[in-house]
Visitor: 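Quick one: this structure, given as structure tokens, is what I'll be asking you about.
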Number of protein chains: 2
Amino acid sequence: MKSAKPCTDNPSACVNGAVRRTSRRLGQIYDEAYAPCGLKATQYAVLNHIAKAGTPKMGELAQTLVMDLSALGHTLKPLVRDGLVELRVDELDRRTRRVLLTEQGVQTHAAAKRISNKMAERFDLAFGREAAAQLRQTLDLIASDAFAQALLAQADD
Amino acid sequence: MKSAKPCTDNPSACVNGAVRRTSRRLGQIYDEAYAPCGLKATQYAVLNHIAKAGTPKMGELAQTLVMDLSALGHTLKPLVRDGLVELRVDELDRRTRRVLLTEQGVQTHAAAKRISNKMAERFDLAFGREAAAQLRQTLDLIASDAFAQALLAQADD
DNA sequence: ACAAATTAGTTGCGTACGCCACTAAATTCG
DNA sequence: CGAATTTAGTGGCGTACGCAACTAATTTGT
């Protein structure tokens, strides 16, 4: 009869707390790994998405990264300042800005990509390739709009 | 022969990026959930750890939360300002500060705890109780010192 | 065509976090 | 016992994020 409320008092009963704790840990490790490029791990993530998307609108990028639009704007600021990224008004819709990598941005991204690959290999080795793949999939699911809606929908109980 | 480098170009090839993205998503949802208490999700996590530990030293708390000591200090500041938490010099070792909940801190934590439990139930329902438990365990592992060392140890290749 | 509503971003403010440099208190050791 | 070292926190600075309020550009409804 103890199965009703499983692990309420567990240190990480709250998934959100557990994710943030993990985020802090990985942040330290990955920030250090990317340091030779002069990038933070978060900045690499942004550059990488830009590189893959080409010249996305800020809104598109924000959505992909599950990031508030204003947060993306803030995050982009140091990258623009350091000449890795450029914002350009879209001539067809002058409200939107296109984000693109500068020449230097491409260079830096390439170097960071090598580090990223190395880190991915390390992670797979330490955690197991299978398990790592499954974890990534799980995280993607939880970060998805659909899951958020499923969670929010229960508010109407 | 394509199995050598599995999913390097996947959006979340980088576990760190995936965790952060998930963290942002959950942050929005949980921050909103805790809003009635006047707390952010992160603040609840801190209060909860304090409540469980009693009157921990700052350093102990930081370690538990996998947080930089100075970061903890910063995070505590608004909580102290709002009268939820108090810092007290340990008379046996005047270097260390003990963290403790004020009367109001206990009240607020109790209210937040109810919300936390409700959210945990919702999460379990949306994600599956089994899967959720396993995920928490996985996250705890990745956040552990041991795993960090396993990851760092590979730097000597 | 034009006022109202919608969409895309920005700015200001506050919290979240980490690193480095610095202070203070304790511990170690010659 | 007093100097050097270690340990615990703080403060400054910079990035990471989100919300609310505001501006500018586009779309819609009549």
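Hydrogens, waters and symmetry mates play no part in the numbers below; they use all other heavy atoms, side chains included. We name chains A, B, ... by the order of the sequence lines, and we start the count at 1 in each one.
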Visitor: In terms of side-chain geometry, is the basic nitrogen of B:D140 or A:R21 positioned less than 4.0 Å from the acidic oxygen of its partner?
Guide: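 Answer for the salt bridge query: yes.
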Visitor: So which one's nearest nucleotide on DNA chain D is more toward 5', B:K57 or B:D31?
Guide: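 Looking at the nearest nucleotide for each, B:K57 comes out on the 5' side.
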Visitor: So which nucleotide from D:dG18, C:dA26, D:dG11 ends up closest to the side chain of A:D68?
Guide: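 Between D:dG18, C:dA26, D:dG11, the one nearest the side chain of A:D68 would be D:dG18.
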Visitor: Round to a whole Å and report the spacing from CG of A:L69 to C1' of C:dG9.
Guide: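 Taking CG of A:L69 and C1' of C:dG9, I get 6 Å after rounding.
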Visitor: Counting side-chain heavy atoms from C-beta on, which of C:dG18, D:dA8, C:dT7 comes nearest to A:R95?
Guide: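 Closest of the options to the side chain of A:R95: C:dT7.
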Visitor: If you assign each of A:D82 and A:L92 to its closest nucleotide in DNA chain D, which residue comes earlier from the 5' end?
Guide: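 On the 5' side of the pair lies A:D82.
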Visitor: When you get a sec, tell me which of D:dC19, C:dA16, D:dA25 is the closest nucleotide to the side chain of B:P78?
Guide: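 Per side-chain heavy atoms of B:P78, the pick is C:dA16.
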Visitor: Out of C:dA16, D:dG12, C:dA8, which has the shortest distance to the side chain of B:S70?
Guide: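 Within the option list, the nearest is D:dG12.
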Visitor: Does a donor on one side chain sit under 3.5 Å from an acceptor on the other, for B:E32 and B:Q28?
Guide: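 The criterion, which ignores hydrogens and geometry beyond distance, is not satisfied for B:Q28 and B:E32.
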Visitor: Provide, to the nearest angstrom, the distance between the CZ atom belonging to A:R20 and the P atom belonging to D:dC17.
Guide: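 For the pair A:R20 CZ and D:dC17 P, the rounded distance is 9 Å.
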Visitor: Within the pair A:T42 and D:dC17, is there a side-chain N or O less than 4.0 Å away from OP1 or OP2?
Guide: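 Affirmative; the distance criterion is met.
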Visitor: Are A:R25 and B:D145 within salt-bridge range, i.e. N to O under 4.0 Å?
Guide: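 Salt bridge present between A:R25 and B:D145.
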Visitor: To the nearest Å, give me how far apart CZ (B:R97) and C1' (D:dT10) are.
Guide: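 Atom CZ in B:R97 sits about 8 Å away from atom C1' in D:dT10.
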Visitor: What integer distance in Å separates A:H74:NE2 from C:dC17:P?
Guide: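 That distance rounds to 18 Å.
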Visitor: Could you give the CG-to-P distance, from A:L39 to D:dA16, as a whole number of Å?
Guide: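 The distance from CG of A:L39 to P of D:dA16 comes to 10 Å, rounded to the nearest Å.
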Visitor: Any sub-3.5 Å donor-acceptor pair from A:D31's side-chain atoms to A:K40's backbone N or O?
Guide: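 Not confirmed, A:D31 side chain does not pair with A:K40 backbone.
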Visitor: From the options C:dA25, D:dG9, C:dC20, select the nucleotide whose nearest atom is closest to the side chain of B:D93.
Guide: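 The listed nucleotide nearest to B:D93's side chain is C:dA25.
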Visitor: So what does B:R81 hit on the nucleic acid, given a heavy-atom distance under 4.0 Å: a base, only sugar-phosphate, or nothing?
Guide: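 Sugar-phosphate, no base atom in range.
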Visitor: Rounded to the nearest Å, what distance is computed from the NZ atom of residue A:K77 to the C1' atom of nucleotide C:dG9?
Guide: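 After rounding, the gap between these two atoms is 11 Å.
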Visitor: Establish whether A:F147 and A:V66 are linked, either directly or via other cluster members, by ILVMFWY side-chain heavy-atom contacts under 4.5 Å.
Guide: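 Hydrophobic grouping puts A:F147 apart from A:V66.
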Visitor: Between B:V66 and A:R98, who's closer to the 5' end of DNA chain C by nearest nucleotide?
Guide: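 The residue closer to the strand's 5' end, by nearest nucleotide, is A:R98.
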Visitor: How long is the line joining NZ of B:K40 and C1' of D:dG18, in whole Å?
Guide: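 It works out to 6 Å between those atoms.
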Visitor: Let me know, please, whether B:A71 or A:T96 comes out on the 5' side of the other along DNA chain C by nearest nucleotide.
Guide: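 Whichever sits nearer the 5' end wins; that is A:T96.
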Visitor: Please tell me which of the listed nucleotides, D:dA16, D:dG9, D:dA24, lies nearest to the side chain of A:T75?
Guide: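 Of D:dA16, D:dG9, D:dA24, D:dA16 is nearest to the side chain of A:T75.
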Visitor: Check the distance between D:dA16's P and A:Y44's OH and give it to me in whole angstrom.
Guide: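 Value for this atom pair: 15 Å.
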Visitor: By nearest atom, which of the nucleotides C:dT10, C:dG9, C:dG18 is closest to the A:R24 side chain?
Guide: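 Of the options given, the side chain of A:R24 lies nearest C:dG18.
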Visitor: Looking only at heavy atoms, what is the nearest atom pair of B:P56 and B:L61, with distance?
Guide: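 Heavy atoms of B:P56 and B:L61 come nearest at CG-CD1, 4.1 Å.
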